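Computed over heavy atoms, backbone and side chain alike; hydrogens, waters and symmetry mates excluded. In what follows, residues are counted from 1 in the order of the sequence shown. Bear in mind the structure is a predicted one, so any value in this text is a computation, not a measurement.
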Amino acid sequence: MSTTPDSAVHAYLTAHRDTFLADLADWLRIPSVSADPGHTPDVRRSAEWLAAKLTATGFPTAEIWETDGHPAVFAHWPSDDPDAPTVLVYGHHDVQPATRDDGWHTDPFEPHTADGKLYARGAADDKGQVFFHTLGVRAHLAATGRTTPAVHLKLLIEGEEESGSPHFPDLIARHADRLACDAVIVSDTGMWSKDTPTVCTGMRGLTDCQIDLHGPDQDIHSGSFGGAVPNPATEAARLAAALHDTDRRVTVPGFYDGVIPLTDQERALFAELPFDEAAWLSTAHSHATLGEADHTTLERIWARPTAEVNGISGGYQGPGGKTIVPATAQLKLSFRLVAGQDTDAVQQAVRDWVAAQLPDGIRHTLTFWGATRPCLTPLDHPALQSVVRAMGRAFGQKIRFTREGGSGPAADLQDVLGVPVLFLGISIPSDGWHAPNEKVELDLLLKGAETTAHLWGDLAEHWHTT
């Protein structure tokens, strides 16, 4: 019997709540800042702490996996049912930099609780959301009387997500055989709000670039030569202006090739969310919305590809005037991509477009810094339905659907392992990821554990992978 009794789960979570929170606080005290070389030993200490705790939880395999940067942690707990689905949970144990001078009310690496909230760097992003899986799987076992999970359960917790996951694709490619699974659960995400629990069904991809423009071999006199030679700063501005048409659609030929359009069902599900545009604008520190015609704000940031000018520079920037034609200019662009788009094809399309836009006499170099692919979970996927049912039992209400406008390494797992990626997170916007006074709501943290306590049995019961 895989179904997990609700009352038994609640009893277990209540009995072990304090120990769980104390252990989490110990982990949060480790300043595992991956971007700061001075914290390299702390990132390793964090990995070692987690591997030991997963062993104590009951995982028969818990290993530290080395990379050319910071270490990841892998764990595996096979089910005693050989035909059970295999699920891989992804998260990360590194954190963003934080100091008291950033505006924290207390030491960011000395966790404290107040008003039902746990404050510390990593409380929500992502140690708290990784760690609730340890409590959830123990509650699942205790409530069902099992000695192994109802699924073959694997964890991969990386140590470089906050530094752009530079070694992650290589890591999963090297270990693809041991990471083989039927689905990936990403617990590095959030919900719409505390009162509106949601499941994320997709993340956009990302590719960004820098365009360096070169005109004259040096700055030259604008009176003697201006108007008769190409100006790199002018051409940078022309490129930026030409990037969109009057409907705010991206003009790069082929940019929209393969884009999977929103269905009427998805549009209706987005419309169910209690979206307050004025509050959203306040959060965005903007005074108006603007974007692709015939799409709502949520559709624009979740389900449509975009191009943004991230920076433009060139010529004299000092006080007063300096009448020159500058020798160089620079443009930085980023492109958020959606399901169906190919990052390599988009990069080539941008290269071709830039070359076609520039006049003779302007030399240019275009450098892409890499790419993150988009991912999307079909609404009718049986594993997604298990996540929704498990969350519904934990929260006691209807679960709605969102997407994520940002990007992350989830698509690398999808591409290498060839399986669907699902999102399970309990963080809310006010948790302040990457900001001073990051926190997690304690009751939501326990709801995450409760969700996973129900999820493994639901997957085993309702999802047949063969």
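Residues satisfying the salt bridge (charged side-chain N to carboxylate O under 4.0 Å, His left out) criterion with Glu308, sequence neighbours excluded, are absent altogether. Legend: residues meeting ring-ring contact (aromatic ring centres under 6.0 Å, His included) with His175, ordered by chain and number and at least two apart, are Trp65.
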Please assess Arg393 against Asp458 for the test salt bridge (charged side-chain N to carboxylate O under 4.0 Å, His left out), listing each intermediate value before the final yes or no. CA-CA 11 Å; Arg393 289 177 67 182; Asp458 194 288; 5.5 Å; no
How far apart are the C-alpha atoms of Asp208 and Lys332, what are their side-chain angles, what is the distance that settles it, and do they pass the salt bridge (charged side-chain N to carboxylate O under 4.0 Å, His left out) test? CA-CA 8 Å; Asp208 54 346; Lys332 294 179 186 285; over 6 Å; no
Can His152 and Trp456 be said to form a ring pair (Phe, Tyr, Trp, His ring centres under 6.0 Å), step by step? CA-CA 9 Å; His152 303 294; Trp456 311 134; over 10 Å; no
Between Arg300 and Thr306, is the side chain to side chain donor-acceptor pair (under 3.5 Å) condition met? List the steps. CA-CA 8 Å; Arg300 290 168 180 165; Thr306 61; over 6 Å; no
Arg204 and Glu404: CA distance, side-chain angles, deciding distance, salt bridge (charged side-chain N to carboxylate O under 4.0 Å, His left out) verdict: CA-CA 7 Å; Arg204 293 195 293 187; Glu404 172 58 57; over 6 Å; no
Chi angles and distances behind the side-chain contact (heavy atoms from CB on, under 4.5 Å) call for Leu422, Val87: CA-CA 10 Å; Leu422 313 165; Val87 180; over 6 Å; no
Under the side-chain contact (heavy atoms from CB on, under 4.5 Å) rule, what do Thr99 and Trp104 come out as? Steps first, then yes or no, please. CA-CA 7 Å; Thr99 68; Trp104 285 77; over 6 Å; no
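Distance alone, capped at 3.5 Å, places no donor-acceptor pair between the Thr402 side chain and the Thr198 backbone. Formation of a donor-acceptor pair under 3.5 Å by the His462 side chain with backbone atoms of Ala383 is not found in this model. The main-chain N or O of Asp188 is never found under 3.5 Å from a side-chain atom of Gln129 such that the two would form a donor-acceptor pair. A donor-acceptor pair under 3.5 Å links the side-chain atoms of Asn437 to the main chain of Gly103, judged by distance alone. In this structure, the side chain of His70 engages the main chain of Ser34 through a donor-acceptor pair within 3.5 Å. Under a 3.5 Å cut-off, the side chain of Gln385 and the backbone N or O of Pro382 do not form any donor-acceptor pair. When atom types are taken as modelled, the side chain of Asp431 and the backbone of Ile428 share a donor-acceptor pair closer than 3.5 angstrom. Proximity of a side-chain donor or acceptor of His92 to a complementary backbone N or O of Gly159 within less than 3.5 Å is not detected. Distance alone, capped at 3.5 Å, places no donor-acceptor pair between the Asp42 side chain and the Ile30 backbone. Counting only distance, with no hydrogens or angles, the side chain of Trp77 and the backbone of Phe59 share no donor-acceptor pair below 3.5 Å.
Side-chain contact check for Thr67 versus Phe168: every heavy-atom pair is 4.5 Å or farther apart. Under the 4.5 Å side-chain criterion, counting only non-hydrogen atoms from C-beta, Leu281 is not in contact with His287. In this structure, Met391 and Met191 have side chains that are in contact, with non-hydrogen atoms separated by less than 4.5 Å. Side-chain contact between Cys181 and Pro85 is absent, with no heavy-atom pair separated by less than 4.5 Å. In this structure, Leu337 and Arg373 have side chains that are not in contact, with every pair of non-hydrogen atoms separated by 4.5 Å or more. Considering only heavy atoms from C-beta on, Val419 comes within 4.5 Å of Val184 through its side chain. Annotation: side chain of Leu384 is not in contact with side chain of Trp463 (no heavy-atom distance under 4.5 Å). Using a 4.5 Å heavy-atom threshold, the side chains of Glu162 and Glu160 count as separate.
Nearest heavy-atom pair, Thr451 versus Ala394, reported as atom, atom and distance to 0.1 Å: OG1-CB, 3.3 Å. Across all their heavy atoms, Cys200 and Thr189 have their closest contact at CB-OG1, 4.0 Å. Minimum interatomic distance between Ala62 and Ala51 (heavy atoms only, all atoms of both residues): CB-O, 3.5 Å. The minimum heavy-atom distance between Leu366 and Cys209, with the atom names listed, is CD2-CB, 3.9 Å. Nearest heavy-atom pair across Leu156 and Ala72 is CD1-CB, 4.3 Å. For the residue pair Val338 and Pro374, the shortest heavy atom distance occurs at O-CG, 3.2 Å.
In this structure, CG on Asp412 lies 6.5 Å from OG1 on Thr372, to the nearest 0.5 angstrom. The OH atom of Tyr90 sits 7.5 Å away from the CG atom of Leu413 when rounded to the nearest 0.5 Å. Note that CZ of Arg248 and CZ of Arg304 are 15.5 Å apart. Values are rounded to the nearest 0.5 Å. For the atom pair CZ of Arg121 and CG of Leu28, the computed distance is 11.0 Å after rounding to the nearest 0.5 Å. The distance from the OG1 atom of Thr452 to the CZ atom of Phe132 is 6.0 Å, given to the nearest 0.5 Å. For the atom pair CZ of Arg403 and CZ of Phe423, the computed distance is 10.5 Å after rounding to the nearest 0.5 Å.
Donor-acceptor pairing under 3.5 Å is recorded for the side chains of Ser32 and Lys127. Between Ser427 and Trp433, the side chains place a donor N or O and an acceptor N or O closer than 3.5 Å (distance only, hydrogens not considered). Looking at Lys154 and Thr61, their side chains never bring a donor and an acceptor atom within 3.5 Å of each other. For the residue pair Glu158 / His167, no side-chain donor-acceptor distance below 3.5 Å is found, with atom types taken as modelled. For the residue pair His93/Ser46, the side-chain donor-acceptor check at 3.5 Å is satisfied. Side chain to side chain, Arg400 and Thr196 fail the donor-acceptor criterion of an N or O pair below 3.5 Å. Side-chain atoms of Ser334 and Asn310 include a donor-acceptor pair closer than 3.5 Å.
In this pair, His16 and Tyr12 present their aromatic rings parallel. The plane angle is below 30°, not in the 30 to 60° band. Between Phe20 and Phe131, the ring planes are parallel. Angles under 30° get that label, and only those over 60° would be called perpendicular. Ring-plane geometry between His39 and Phe109 is classed as tilted, the angle between the planes lying from 30 to 60 degrees on a 0 to 90 degree scale.
At most 12 heavy atoms of other shown residues, nucleotides or ligands fall within 6.0 angstrom of atom CG in Asp294.
Residue pairs meeting the side chain to side chain donor-acceptor pair (under 3.5 Å) criterion with at least one member in residues 105-118, sequence neighbours excluded, are Arg29-Glu110, Thr106-His112.
Aromatic rings of His295 and Trp302 (six-membered ring for Trp) have centroids beyond the 6.0 Å cut-off, not under it.
Salt bridge Lys447/Asp443: absent, no basic N to carboxylate O contact under 4.0 Å.
Both the sub-6.0 Å distance and the 45° axial angle are satisfied by Arg249 relative to the ring of Tyr256.
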